[in-house]
Visitor: 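One structure, as structure tokens, below. Some questions next.
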Amino acid sequence: MNQQFDNDQVRRRYEELEELVARGVEPYPYSYDRTHTSEQILQTYRDDDPGLLSDVAVAGRIMAIRRMGKATFFHIQDATGSIQCYIKADELPAAYDMLRLLDIGDIVGTKGFVFRTRTGEITVHVRQLELLCKSLRPLPIVKQERDEQGNIILHDAFSDKEQRYRRRYLDLIVNPHVRQTFIARSRMIAAIRRFFDERGWLEVETPILQPIYGGATARPFVTHLNALDMPLYLRIADELYLKRLIVGGFEGVYEISKNFRNEGIDRMHNPEFTALEVYVAYRDYNWLMKLTEELLVTVASHVRGVPALLRVDGTEIPLERPFHRIRLLDAISQAVGEQVESLSRDELYVLCKRHEVDVAPFASYAKLVDELFTTLVQPSLVAPTFITDHPVEMSPLAKRHRDDPSVVERFELYVGGMEIANAFSELNDPRDQRQRFAEQARLRASGDDEAMVLDEDFLTALEIGMPPTAGLGIGIDRLAMLMTGAASIRDVIFFPLMRPEHSPRPVED
RNA sequence: GACCCCGUAGCUCAGUGGUAGAGCAUCUGACUUUUAAUCAGAGGGCCGCAGGUUCAAUCCCUGCCGGGGUCACCA
């Protein structure tokens, strides 16, 4: 064996492994038949009838060992929780001998009967002990203590964010709340699927590798397809493909999948993130606002038990229907204390300067509106609020408002100061859509590298004809943050993007 | 990309211009109902990396690497 040891704890464990093998112990067996999880034992045990659990088999990772000479207590942790085990040397001399070579982190299976100790803890009295996996590296030890109120006090919790994100497996083993966060995320997505499935809408998959990226304004990741010697883009949105499916005759489709945007990384943004998009034929954005309310209330109730979301500071955000609704320009007017509805681009620029909103002198009308909103309004949108009817320049894929052609039928949902949904009555007039693409092309030519690219086939699809359609996108990661009170998007993504730990020096070319 | 902060034992952290310390973890011994087990002892460190200043650098300076935060960017 030519093993490089990082430190003597690792070396010691390799030595133990060899000694176990020398004694005929298989350190990596193939399976283990459990009768109970730790949770099942704790829930089933009855002091007046301990015989109920006279022969259980549990398995898990050793998380604590207390050796007391000829008797030892240890805790094993499984997916449902943890349970204490008790083993006596005189009853099981061989197993007890093997136990001397086991460590915190090893995975074992044990059979025995359940009893309650003098100090009141439900415990498995070990009659048989098997090693199921030898752990060769030390675990970051988290000790926990219970105070008189029963609160759990953690000592020296594994808290270094870099290590937690890089070695999520360790984070999950030693930090129980992390497991809970990801279970909540998974339940949330399951609840969303159920909500749509119940309505008869079809879950679909559309291309992630796209020859033309579209459906949002963002810089893409570029890759290359060798077989056809052509560039491809990782999708920034799936919108244009889902609309093609509505053209094709499906009347309700949704997709939950990763998008990729080559932009900044911060606590709200990860280069790859999960988006939900749903499109429903014959509906408009008014109907979709009600649906969005219902979706959030249903999902939050399922995941959290109450129709409320959670802020980082632990305060709840009740989801009371109907959510606030305010037109985007009205929200800005309110914030600046004057009517902005009919202001020109140049007047808006002056307004920005007056309110110390930092904008470039050549910024477009849409950009100015966006800056004013982001700076002056968005932070205050804690309670769920629909911001509606954006200027048409900001929304190249949304249908013009039926009463005002300068704005579109669009809403964004803000909760806790975060944008979590974006939706519109979908633009299905191919003539208008072509004009909008032309405007995007003009922006692109003038240096806006996030402007949308013309997708001629998408226009062809619209010419074939798309029924009136409402479409909604939800940032799943951000919604998960609000379901769990997470402070950073990294806390709800198992493996957030990190720079390589030992980065090879990039070669300059 | 800019600025600020951080990087010391497996983990959580102290610390000082004279090359280091605690708790837990680890090792040895004691202990047959413990639970942050306890008691006695021991080992463990390129103080992120590379330069510079200095008689002397973990500490001061510069650069780099990694992380966090703020801003910018970004639906």
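Note that these values count all heavy atoms, side chains included, but never hydrogens, waters or copies made by symmetry. Throughout, protein chains are lettered first and strands after them, A, B, ... in sequence-line order, and every chain is numbered starting at 1.
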Visitor: For rG67(B) and Arg499(A) - does any side-chain N or O of the residue sit under 4.0 Å from the phosphate oxygens OP1/OP2?
Guide: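 Yes, because at least one side-chain N or O of Arg499(A) sits under 4.0 Å from OP1 or OP2 of rG67(B).
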Visitor: Strictly under 3.5 Å: I want the nitrogen or oxygen pairs between protein and nucleotides 40-42 of chain B, one per line.
Guide:
none

Visitor: Scan nucleotides 23-25 of chain B against the protein and return all N/O pairs shorter than 3.5 Å with their distances rounded to 0.1 Å.
Guide:
unit_1  : atom_1 : unit_2    : atom_2 : d
rG23(B) : N2     : Asp156(A) : OD2    : 2.9
rC24(B) : O3'    : Lys143(A) : NZ     : 3.4
rA25(B) : OP1    : Lys143(A) : NZ     : 3.0
rA25(B) : N3     : Gln9(A)   : NE2    : 3.3

Visitor: Any carboxylate oxygen within less than 4.0 angstrom of a Lys/Arg side-chain nitrogen, looking at Glu16(A) and Arg11(A)?
Guide: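 Looking at Glu16(A) and Arg11(A), the cut-off is not met.
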Visitor: With rounding to the closest Å, how many angstrom separate the C1' atoms on rC60(B) and rC24(B)?
Guide: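 It works out to 33 Å between them.
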Visitor: In whole Å, measure the gap between the C1' atoms of rG63(B) and rC73(B) for me.
Guide: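 Between the two C1' atoms, the distance is 26 Å.
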Visitor: Do Arg164(A) and Asn175(A) have side-chain heavy atoms sitting under 4.5 Å apart?
Guide: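 SC-SC contact between Arg164(A) and Asn175(A) confirmed.
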Visitor: Just do the side-chain contact (heavy atoms from CB on, under 4.5 Å) check on Tyr279(A) and Glu277(A) with the steps written out, would you?
Guide: CA-CA 7 Å; Tyr279(A) 291 81; Glu277(A) 290 201 27; 2.6 Å; yes
Visitor: Checking side-chain contact (heavy atoms from CB on, under 4.5 Å) for the pair Glu393(A)/Arg436(A): CA distance, chi angles, key distance, verdict?
Guide: CA-CA 8 Å; Glu393(A) 296 87 341; Arg436(A) 307 279 191 93; over 6 Å; no
Visitor: For the residue pair Arg66(A) and His75(A), establish whether any side-chain heavy-atom pair is separated by less than 4.5 Å.
Guide: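 The answer is yes, as the side chains (C-beta and beyond) meet within the 4.5 Å cut-off.
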Visitor: Could I get a table of every N or O pair under 3.5 Å where one atom is in the protein and the other is in nucleotides 30-32 of chain B?
Guide:
unit_1  : atom_1 : unit_2   : atom_2 : d
rC31(B) : N3     : Gly69(A) : N      : 3.1
rC31(B) : N4     : Gly69(A) : N      : 3.1
rU32(B) : OP2    : Lys70(A) : N      : 3.4
rU32(B) : N3     : Asp90(A) : OD2    : 3.1
rU32(B) : O4     : Asp90(A) : OD2    : 2.5

Visitor: Looking only at side-chain atoms of Asp8(A), point me to the closest of rG43(B), rC27(B), rU34(B).
Guide: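 Output: rG43(B).
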Visitor: Please pick, from rC73(B), rG68(B), rU12(B), the nucleotide with the shortest atom-to-atom distance to any side-chain atom of Arg219(A).
Guide: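 Of all the options, the side chain of Arg219(A) is nearest to rC73(B).
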Visitor: Would you call Phe158(A) and Leu170(A) a side-chain contact if the rule is heavy atoms closer than 4.5 Å?
Guide: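 Yes - at least one pair of side-chain heavy atoms lies under 4.5 Å apart.
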Visitor: Decide whether Ser82(A) and Gln77(A) meet the rule of one side-chain donor and one side-chain acceptor closer than 3.5 Å.
Guide: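 No, because no side-chain N or O of Ser82(A) sits under 3.5 Å from a partner of the opposite role on Gln77(A).
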Visitor: Using the C1' atom as the point on both nucleotides, what is the distance between rU58(B) and rA72(B), in whole Å?
Guide: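 Pairwise C1' distance, rA72(B) against rU58(B), rounds to 35 Å.
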Visitor: Could you tell me how far apart Ile265(A) (CD1) and rG69(B) (P) are, to the nearest whole angstrom?
Guide: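 In whole Å, rG69(B) P and Ile265(A) CD1 are 12 Å from each other.
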Visitor: Does Leu351(A) form a side-chain contact (heavy atoms from CB on, under 4.5 Å) with Leu348(A)? I'd like the steps, not just the answer.
Guide: CA-CA 5 Å; Leu351(A) 188 71; Leu348(A) 221 47; 4.2 Å; yes
Visitor: So Thr292(A) and Leu472(A), do their side chains get closer than 4.5 Å, heavy atoms only?
Guide: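 SC-SC contact between Leu472(A) and Thr292(A) confirmed.
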Visitor: With sequence neighbours excluded, what pairs up with Arg118(A) under the salt bridge (charged side-chain N to carboxylate O under 4.0 Å, His left out) test?
Guide: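 Residues passing salt bridge (charged side-chain N to carboxylate O under 4.0 Å, His left out) with Arg118(A): none at all.
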Visitor: Of the nucleotides rC74(B), rU26(B), rU33(B), which one has an atom closest to the side chain of Arg12(A)?
Guide: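 In terms of side-chain proximity for Arg12(A), the closest of rC74(B), rU26(B), rU33(B) is rU26(B).
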Visitor: Do the non-hydrogen side-chain atoms of Ile265(A) and Arg490(A) ever get within less than 4.5 Å of each other?
Guide: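 Counting from C-beta outward, Ile265(A) and Arg490(A) do come under 4.5 Å.
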Visitor: State which residue, out of Phe424(A), Phe323(A), Tyr414(A), fulfils the ring pair (Phe, Tyr, Trp, His ring centres under 6.0 Å) condition with Phe386(A).
Guide: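 Output: one option passes, namely Phe323(A).
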Visitor: Apply side chain to side chain donor-acceptor pair (under 3.5 Å) to Glu263(A) and list each qualifying residue two or more places apart in sequence or on a separate chain.
Guide: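 Partners of Glu263(A) by the side chain to side chain donor-acceptor pair (under 3.5 Å) criterion, ordered by chain and then number, come out as Arg219(A).
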Visitor: Say you pick atom P in rG48(B) and the same atom in rU34(B); how far apart are they, in whole Å?
Guide: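 rG48(B) and rU34(B) have their P atoms separated by 43 Å.
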Visitor: Using the C1' atoms only, state how far rA57(B) lies from rG23(B), rounded to an integer number of Å.
Guide: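 Per the computed distance, 28 Å lies between those C1' atoms.
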Visitor: Should Leu131(A) and Leu102(A) be marked as a side-chain contact (heavy atoms from CB on, under 4.5 Å) after you check the CA-CA gap, both sets of side-chain angles, and the distance that decides it?
Guide: CA-CA 8 Å; Leu131(A) 177 61; Leu102(A) 300 189; 3.8 Å; yes
Visitor: At less than 4.0 Å, is any side-chain N or O atom of Arg490(A) found next to OP1 or OP2 of rG69(B)? Yes or no.
Guide: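 For rG69(B), OP1/OP2 do have a side-chain N/O of Arg490(A) under 4.0 Å.
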Visitor: Using a 3.5 Å limit on both distances, find every run of at least three consecutive Watson-Crick or G-U pairs that involves RNA chain B.
Guide: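 Counting only runs of 3 or more consecutive pairs, the stems involving RNA chain B are B:1-7 with B:65-71, B:10-13 with B:21-24, B:26-30 with B:38-42, B:48-52 with B:60-64.
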Visitor: rU33(B) phosphate, OP1 or OP2: any side-chain N/O from Arg116(A) under 4.0 angstrom?
Guide: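 Arg116(A) to rU33(B) OP1/OP2: no side-chain N or O under 4.0 Å.
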Visitor: On a whole-Å scale, what distance lies between the C1' atoms belonging to rG15(B) and rG45(B)?
Guide: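 The answer is 14 Å between these two C1' atoms.
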Visitor: When rounded to the nearest Å, what value does the distance between P atoms of rG44(B) and rA20(B) take?
Guide: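 Going atom to atom, P in each nucleotide, I get 13 Å.
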Visitor: By nearest atom, which of the nucleotides rU34(B), rU12(B), rG67(B) is closest to the Phe158(A) side chain?
Guide: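 The listed nucleotide nearest to Phe158(A)'s side chain is rU12(B).
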Visitor: Could you give the distance separating rU8(B) and rC49(B) at their P atoms, to the nearest angstrom?
Guide: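 10 Å, rounded to whole Å.
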